[in-house]
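Contents: one structure, followed by commentary.
Residue numbers start from 1 in every chain, and the chains themselves are labelled A, B, ... in the order their sequence lines are given, proteins ahead of strands. Side-chain atoms are counted along with the backbone in the values below, which use heavy atoms only and exclude waters and symmetry mates.
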There are 2 protein chains.
Amino acid sequence: MAARMSCYTLTKIDRSELGKYRTMTTQKTYLVISALGEDHPGLVNSLSRTILEQGCNIEDSRMTVLGGEFAAILLVEGKWNTLAKVENVLPELERSLGMTITSKRTGERPRNTDKVPYGVDVVAMDHPGIVNTLAGFFADRKINIEDMSTSTYAAAHTGTPMFAVHMTVGIPASTHIATLREEFMDHCDGLNLDAVLEPLKI
Amino acid sequence: MAARMSCYTLTKIDRSELGKYRTMTTQKTYLVISALGEDHPGLVNSLSRTILEQGCNIEDSRMTVLGGEFAAILLVEGKWNTLAKVENVLPELERSLGMTITSKRTGERPRNTDKVPYGVDVVAMDHPGIVNTLAGFFADRKINIEDMSTSTYAAAHTGTPMFAVHMTVGIPASTHIATLREEFMDHCDGLNLDAVLEPLKI
């Protein structure tokens with residue numbers, strides 16, 4: 001009985017160790033980095049070199065100059081120990097680049113196979129509240145905005161101040177697309193926003 | 001003499017007041033906001049509604065889901081007092097949305113009429129260091145990266161892990177484009193990166 005007991009205990013330990021090992025080797029670990037500071041040439045180079053030198057990889061990123069500032073959001077992939085190295089050098093990088101850097105560990109993006117990705121493109125004369133009216137439309141229908149990029153620009157020929165939005169939304173598979181599109185078009189027509197809602201092909 | 005002196009002083013004050021008035025009315029004032037936190041539906045709606053309610057406008061933005069996190073960078077335009085209102089509600093927004101929010105006042109983007117905007121598109125099999133080799137190429141030539149978006153995805157048909165980069169760079173007008181393009185193509189060919197460098201038409 002004692003022999004069987006210890007055997008059982010050993011098996012239990014083995015399984016839990018195996019679980020840990022599996023987590024360490026097969027599940028990807030991630031760090032999200034957000035950086036904000038005065039723009040100067042070479043910033044992307046310094047940021048990306050630091051990440052590469054610690055043995056990590058930039059899996060997804062958005063970086064842009066906003067006013068006189070450079071802002072970046074990055075998803076960095078690595079092993080748990082190489083990500084720890086990146087976390088350790090961030091305070092030094094903050095000082096040397098003169099930026100405010102925030103970081104947070106995160107897991108793999110949860111798979112949403114019951115959602116269909118759609119692209120939304122809206123162009124209109126610039127006026128406050130366009131982002132909010134679009135976000136409100138999708139929030140009311142529990143549709144998540146997965147990605148969004150907006151910009152203002154002076155129109156060619158006329159110089160009119162314009163606003164353009166590009167979004168990716170995840171539409172629940174149970175949603176009737178034709179009805180949603182009709183509601184969305186009515187919503188945008190009412191506000192004089194020129195809009196397109198189309199399935200993402202890639 | 002005393003009369004002239006006071007008259008001179010008055011003029012000086014008037015001019016400085018006029019300058020302040022001009023700054024307040026004609027120069028746009030901006031706030032850059034960077035937000036990072038756990039993703040849940042309705043985040044864009046809450047963020048954009050708060051900015052709209054304080055009388056401000058989102059002029060430029062990038063938002064995306066990275067792993068399980070939602071990350072956003074926004075350029076908010078407003079009057080000095082409405083921007084102050086936004087700054088005041090950010091701590092409350094941080095608590096209610098469970099996000100880390102950083103903000104910084106900034107000015108209008110400096111006009112660089114001596115720079116020609118070019119678009120760079122690179123696609124390759126995913127491996128660490130692609131962002132860094134591209135950033136290094138442009139940093140060595142003092143060419144600033146104005147905007148960048150990168151993503152990884154599984155290729156259609158084969159499922160190969162791919163990496164795609166889209167950048168906007170500002171090339172100094174004095175640069176000989178054909179030479180730069182040749183150097184860039186050689187650099188990318190050497191690393192087996194499929195690349196395009198083209199002038200931005202809008």
Checklist outcome for this item: Between A:F184 and A:A195, the two heavy atoms sitting closest are CE2-CB, 3.8 Å
Extract all donor-acceptor atom pairs below 3.5 Å that involve side chains of residues 157-173 of chain A and protein atoms in other chains or at least two apart in sequence.
unit_1	atom_1	unit_2	atom_2	d
A:T158	OG1	A:T160	N	3.4
A:T158	OG1	A:T160	OG1	2.7
A:H166	ND1	A:D121	OD1	3.0
A:H166	ND1	A:D121	OD2	3.1

Item to check | Side-chain heavy-atom pair B:T82, B:K79 within 4.5 angstrom cut-off | outcome: yes
Next on the checklist: Only pairs of heavy atoms separated by less than 4.5 Å count here; which of B:D126, B:L43, B:V65 has the most with chain A?
Outcome noted: B:V65
Item to check | Heavy-atom pairs under 4.5 Å with chain A, option from B:S46, B:G136, B:A35, B:G42 with the top count | outcome: B:G136
Checklist outcome for this item: For residues 93-106 of chain B against chain A, heavy atoms under 4.5 Å, the residues are B:T100, B:T102, B:K104, B:R105, B:T106
Checklist entry - Heavy-atom count around B:E53 CD within 6.0 Å, excluding the residue itself: above 12? => result yes
Checklist entry - Within 45° of the ring axis of A:F138 and under 6.0 Å from its six-membered ring centre, is that where the NZ or CZ of A:R141 lies? => result no
Checklist entry - Between A:E77 and A:L83, which heavy-atom pair has the shortest distance, and what is it? => result C-CD2, 4.1 Å
Item to check | Beyond-backbone contact of B:E38 with B:F70, side-chain heavy atoms, under 4.5 angstrom | outcome: no
Item to check | Within-4.5 Å side-chain heavy-atom neighbours: A:L191 and A:H187 | outcome: yes
Item to check | Structural part of A:A156 lying under 4.5 Å from a heavy atom of chain B | outcome: neither
Item to check | Segment of A:I58 engaging chain B (4.5 angstrom heavy-atom cut-off) | outcome: both
Checklist entry - Given that the side chain runs from C-beta out, which part of A:L52 has a heavy atom under 4.5 Å from chain B: side chain, backbone, both or neither? => result side chain
Checklist outcome for this item: Per-residue tally against chain B (heavy atom, under 4.5 Å) across A:I130, A:D140, A:T133, A:N144 peaks at A:N144
Next on the checklist: B:I33 vs B:L90, test: side chain to side chain contact (heavy atoms under 4.5 Å, CB included). Steps then yes/no.
Outcome noted: CA-CA 9 Å; B:I33 298 176; B:L90 287 182; 4.2 Å; yes
Checklist entry - Relative to chain B, which of A:L134, A:D39, A:I51 shows the most heavy atom pairs under 4.5 Å? => result A:D39
Checklist entry - Nearest heavy-atom pair of B:N57 and A:P128: which atoms, and what distance? => result OD1-CA, 3.3 Å
Next on the checklist: Quick check on the interface: out of B:G107, B:S61, B:A139, B:S151, who has the most heavy-atom pairs with chain A under 4.5 Å?
Outcome noted: B:S61
Checklist entry - A:I143, A:D147, A:L74, A:T150: which one forms the most heavy-atom pairs within less than 4.5 Å of chain B? => result A:T150
